[in-house]
Structure formats: structure tokens, C-alpha cells
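Contents: one structure, followed by commentary.
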Amino acid sequence: SSSTSQCSYEEYKETADWLLARTEQRPKVAIICGSGLGGLADLLDDKTTFPYEDIPGFPTTASTVPGHAGQLVFGRLQGRDCVCMQGRFHFYEGYSMHKVTYPVRVFYLLGVKTVIVTNAAGGLNGSYEVGDIMLIKDHINMPGFAGQNPLCGHNDVRFGERFPCMSDAYDHELRALVKQTAEEQGCGSFLQEGVYCMLAGPTYETIAECKLLQKLGADCVGMSTVPEVVVARHCGLRVLGLSLVTNKVVTDYDSVEKANHEEVLRTTQRRTQDVQRLVSHLIPKI
Ligand code: HPA
């Protein structure tokens, strides 16, 4: 149950102190890289890399998904100290919501102020094309509706308040910076802005589920990001979210298309440079 799987403040602190003793970098920005988007971490200068299994308290990565490496990379991007999660923990891998979000509280204790989350997602909005980048303006926390919110359980006020606001989760100023940077970097023609809906996965959606999510006002669907954002907002971190539309969801019973991980990875390969350019040129403006 959530009450037994929770981690104590001291556990997060021990992890943060362990990292602080092993790098001189003091990042103000953390980046959580989505499926196939971890190449961003390779761009960092003066890297210090910690495989997740070496970091005390970090969830262990017995089950990794192709396209997800498992290491924390400190370094500089466009001259700014950053810490990058190359590979994230997914709920569908069997991690509790507390484990999925463990790194976010460690970032907070490291002194991070802003979290950038990226993901691969299915496009629900009919006007979106495969390869579009969606700036997340809001989310629908479906697992939360079903009782899987990472903030369930005891609330430690050293992280944040019992009932945090989520109506301002995706920072307005950062969204304006993304739009400006996308224009400058030639990404303006495929930048969208919309609502990300998280489902637990690992199954892709049925046709009826896709139609339902469209009616609910979701523009993209995926299996990550929302838990990390909830925990980041709880402890007062600013959040920027980007979804890469890797496929269009199937909403037609006559369609022969099928959602599949290979298409997701093909699209991330095609667009990974654009996402990297967008994020790295944004960093000095934060
Ligand atoms: N559905 C859910 N998650 C996804 C999808 C999808 O179509 N594409 C990439 N991640």
C-alpha cells in the first residue's frame, strides 16, 4: 500500500547528499528524457555520469525498455549546469508512484528550480501530425482518478502542502519561451500546444478509449510525465513539458494501423535533433 512504500525525507536527503559529494555541479535545471529522447544527455559538456544502480536509494532498473537508458548525467548545456535523467521509471514497469517520482524530490534537494520533462505520446487531436512537438499546457491524471497519485499517503510538509494546486502546473513564462525558441530554431511549423493525458499502460489504447479521451479534451496520450509533474509542483519546482507526437492513435474501426513501439522509436529518431535543439537553446533563457 502507499503508506508502506513511501520514502522518508532522510532517504531522499541521503541520495541528494551522496550526489552532491560526487559532483561540483549545482544544476538549477533538471531534464527528464522520454523514450528515444535520451540523446540530449550526450550533448552535455563536462559530464559526470551515475548509473541508477550506483545511486543509493534510487529505484533499481531491473527492467529497462528499449530506448530507455538508466543513468543520471550532470553537465553543462549551452553553458548552464543541468542534470539529465537518461531514462525514467515508468509505473507500468511495476514501480510504485513513489518510486517513479523519487528522482524529482532528489532534484529539489539538489537545489534544482526547474524541471523539463519530455515524452513520446500518441496524437489524439485530429489536427496533429506525426512528428509534431506538443508543448504541454495541462494534463489529465487518469491514474490519479483511479487512486494512483504519487502524493497519496503521509504528507511531509518539508516538501509541500497537503492539497497542492495543479491549475498552474505548466509554467506560463516557460511556455512563452518555448514558443519563441521554436520560432528561432525552425520548429515553429510543427509546434502545438495542448493537453496530455496519462494512462498507466503498458497496453496501447483501444479505439473506444481513444474516442473517450478525445471527448475528454485530451490532445495527446502517454504513459508517463504526470506523476513527476505532480511531485515537482508539490515541492514548488517550475515545470515545462514537451510531448513528441510519435504516432496518431487509431479511432476508426476500419483502420489497419496499429500502435506499436517501433513506430514510436522511428519517430523519435527522426525528430530527436529538433527536440534537442529546442531544449538546449531554451536552457540559457531560463
Ligand atoms: N499511446 C500511449 N502511449 C504512447 C503512445 C500511444 O499511442 N505513443 C507513444 N506513447
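FYI, the numbering just counts along the sequence from 1.
- Remark: E263 does not engage K258 in a salt bridge, criterion side-chain N to carboxylate O under 4.0 Å.
- Side chains of P164 and H234 form a contact here, defined as non-hydrogen atoms less than 4.5 Å apart.
- Side chain of E209 to backbone of T206: a donor-acceptor contact under 3.5 angstrom is found.
- Classification of K285 and E184 as a salt-bridged pair holds, one side-chain N sitting under 4.0 Å from a carboxylate O.
- When each of K113, K137, R238 is checked for a salt bridge (charged side-chain N to carboxylate O under 4.0 Å, His left out) with D171, only R238 meets the rule.
- Across every non-hydrogen atom of V229 and A169, the tightest pair is CG1-CB, 4.2 Å.
- One N or O on the side chain of E11 and one on the backbone of S8 form a donor-acceptor pair closer than 3.5 Å.
- No continuous path of ILVMFWY side-chain contacts below 4.5 Å connects M198 to L124, so the two sit in separate hydrophobic clusters.
- No continuous path of ILVMFWY side-chain contacts below 4.5 Å connects V245 to L213, so the two sit in separate hydrophobic clusters.
- Between the H98 side chain and the C152 main chain, a donor and an acceptor come within less than 3.5 Å of each other.
- When all heavy atoms of H281 and T181 are compared, the pair lying nearest together is CB-CG2, 3.8 Å.
- Atom SG of C82 and atom CG of L43 lie 10.5 Å apart (nearest 0.5 Å).
- Note on R233 versus D168: salt bridge recorded, some NZ/NE/NH1/NH2 to OD/OE distance being below 4.0 Å.
- Minimum heavy-atom separation, G36 to T272: O-OG1, 3.5 Å.
- Residues F74 and L19 form a side-chain contact, since some pair of their non-hydrogen atoms from C-beta on lies under 4.5 Å apart.
- Side-chain contact between V275 and L40 is absent, with no heavy-atom pair separated by less than 4.5 Å.
- Y128 is not connected to V249 by any chain of hydrophobic side-chain contacts under 4.5 Å among Ile, Leu, Val, Met, Phe, Trp and Tyr, and they are in different clusters.
- T225 and E228 share no donor-acceptor pair across their side chains, judged by distance under 3.5 Å alone.
- When each of L242, L240, N119 is paired with I136, the side chain to side chain contact (heavy atoms under 4.5 Å, CB included) condition holds for N119 and for no other.
- Side-chain rings of Y108 and Y12 stay apart, their centers remaining 6.0 Å or farther from each other.
- Annotation for V115 and A232: closest pair CG2-CB, 4.4 Å, computed over non-hydrogen atoms.
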(request) Give the C-alpha distance, both sets of side-chain angles, the deciding distance and a yes or no for side-chain contact (heavy atoms from CB on, under 4.5 Å) between E205 and L199. (result) CA-CA 9 Å; E205 299 69 39; L199 301 187; 3.5 Å; yes
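- In this structure, R105 satisfies the cation-pi test against F159, with its NZ or CZ atom closer than 6.0 Å to the six-membered ring centre and inside 45 degrees of the ring normal.
- Using modelled atom types, one side-chain atom of T246 and one backbone atom of A121 make a donor-acceptor pair closer than 3.5 Å.
- Taking the side chain as every heavy atom from C-beta outward, F91 and V226 never approach each other to under 4.5 Å.
- Follow the hydrophobic side-chain contacts under 4.5 Å out from Y170 and you reach V104 in the same cluster.
- Under the 3.5 Å distance criterion, the side-chain polar atoms of K211 are left unmatched by any main-chain donor or acceptor of A208.
- T49 pairs in a side chain to side chain contact (heavy atoms under 4.5 Å, CB included) with only one of the listed residues (V73, T23, L72), which is V73.
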(request) Just do the side-chain contact (heavy atoms from CB on, under 4.5 Å) check on L212 and L216 with the steps written out, would you? (result) CA-CA 6 Å; L212 172 76; L216 294 180; 4.2 Å; yes
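- Taking the side chain as every heavy atom from C-beta outward, C33 and I31 approach each other to under 4.5 Å.
- Within 6.0 Å of NZ in K47 there are more than 12 heavy atoms belonging to other residues, nucleotides or ligands.
- Taking the centre of each ring, F58 and W18 stay at or above the 6.0 Å mark.
- Looking at heavy atoms from C-beta onward, V230 lies in side-chain contact with H139 at the 4.5 angstrom threshold.
- Rounding to the nearest 0.5 angstrom, the gap separating the SG atom in C187 from the CG atom in L135 is 12.0 Å.
- Considering all non-hydrogen atoms of both residues, V130 and R270 come closest at O-NH2, 3.4 Å.
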(request) In sequence, state the C-alpha distance, the side-chain angles, and the governing distance for E93 and R88, and then conclude on salt bridge (charged side-chain N to carboxylate O under 4.0 Å, His left out). (result) CA-CA 11 Å; E93 293 173 279; R88 59 149 60 85; over 6 Å; no
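- Note: L109 CG to E14 CD = 12.0 Å, rounded to the nearest 0.5 Å.
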(request) Take D274 and Q185 through the test side-chain hydrogen bond (donor to acceptor under 3.5 Å, both in side chains) and record every step on the way to the result. (result) CA-CA 8 Å; D274 297 292; Q185 293 301 318; over 6 Å; no
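- In this structure, E10 places its CD atom where more than 12 heavy-atom neighbours from other residues, nucleotides or ligands lie under 6.0 Å away.
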Enumerate donor-acceptor pairs with a distance under 3.5 Å from any side-chain N or O in residues 189-197 to protein atoms, sequence neighbours excluded.
from : atom 1 : to   : atom 2 : distance (Å)
Q192 : NE2    : D132 : OD2    : 2.9
E193 : OE1    : K179 : NZ     : 3.0
E193 : OE2    : R175 : NE     : 2.9
E193 : OE2    : R175 : NH2    : 3.3
Y196 : OH     : M223 : N      : 3.3
Y196 : OH     : S224 : N      : 3.1
Y196 : OH     : S224 : O      : 3.2

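- Annotation: the span from R162 atom CZ to H154 atom NE2 amounts to 8.5 Å, rounded to 0.5 Å.
- Side chain to side chain, K28 and T114 fail the donor-acceptor criterion of an N or O pair below 3.5 Å.
- When ring centroids are compared, Y52 and F89 come within the 6.0 Å threshold.
- Judged purely by atom type and a 3.5 angstrom limit, K248 has no side-chain atom pairing as donor or acceptor with the backbone of G122.
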(message) Evaluate M97 against V231 for side-chain contact (heavy atoms from CB on, under 4.5 Å), listing each step before the verdict.
(response) CA-CA 10 Å; M97 285 296 183; V231 167; over 6 Å; no
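- Counting heavy atoms from C-beta outward, I286 and L174 have side chains that approach closer than 4.5 Å.
- Looking only at side-chain heavy atoms (C-beta outward), C210 and V221 stay at 4.5 Å or farther from each other.
- Taking CG of L151 as the start and CD of E161 as the end, the distance is 10.5 Å to the nearest 0.5 Å.
- Closest approach of G75 and L44 over heavy atoms only: N-CD1, 3.7 Å.
- How far CG of N141 is from CG of N149: 5.5 Å, rounded to the nearest 0.5 Å.
- Side-chain N or O atoms of Q78 include none that pairs as donor or acceptor with a backbone N or O of P284 at under 3.5 Å.
- No salt bridge links D81 with R26; every basic N to acidic carboxylate O contact stays at or beyond 4.0 Å.
- Linking ILVMFWY side-chain heavy atoms closer than 4.5 Å, directly or via other members, places F50 and V83 in a single hydrophobic cluster.
- No side-chain donor from either of E257 and N247 sits under 3.5 Å from a side-chain acceptor of the other.
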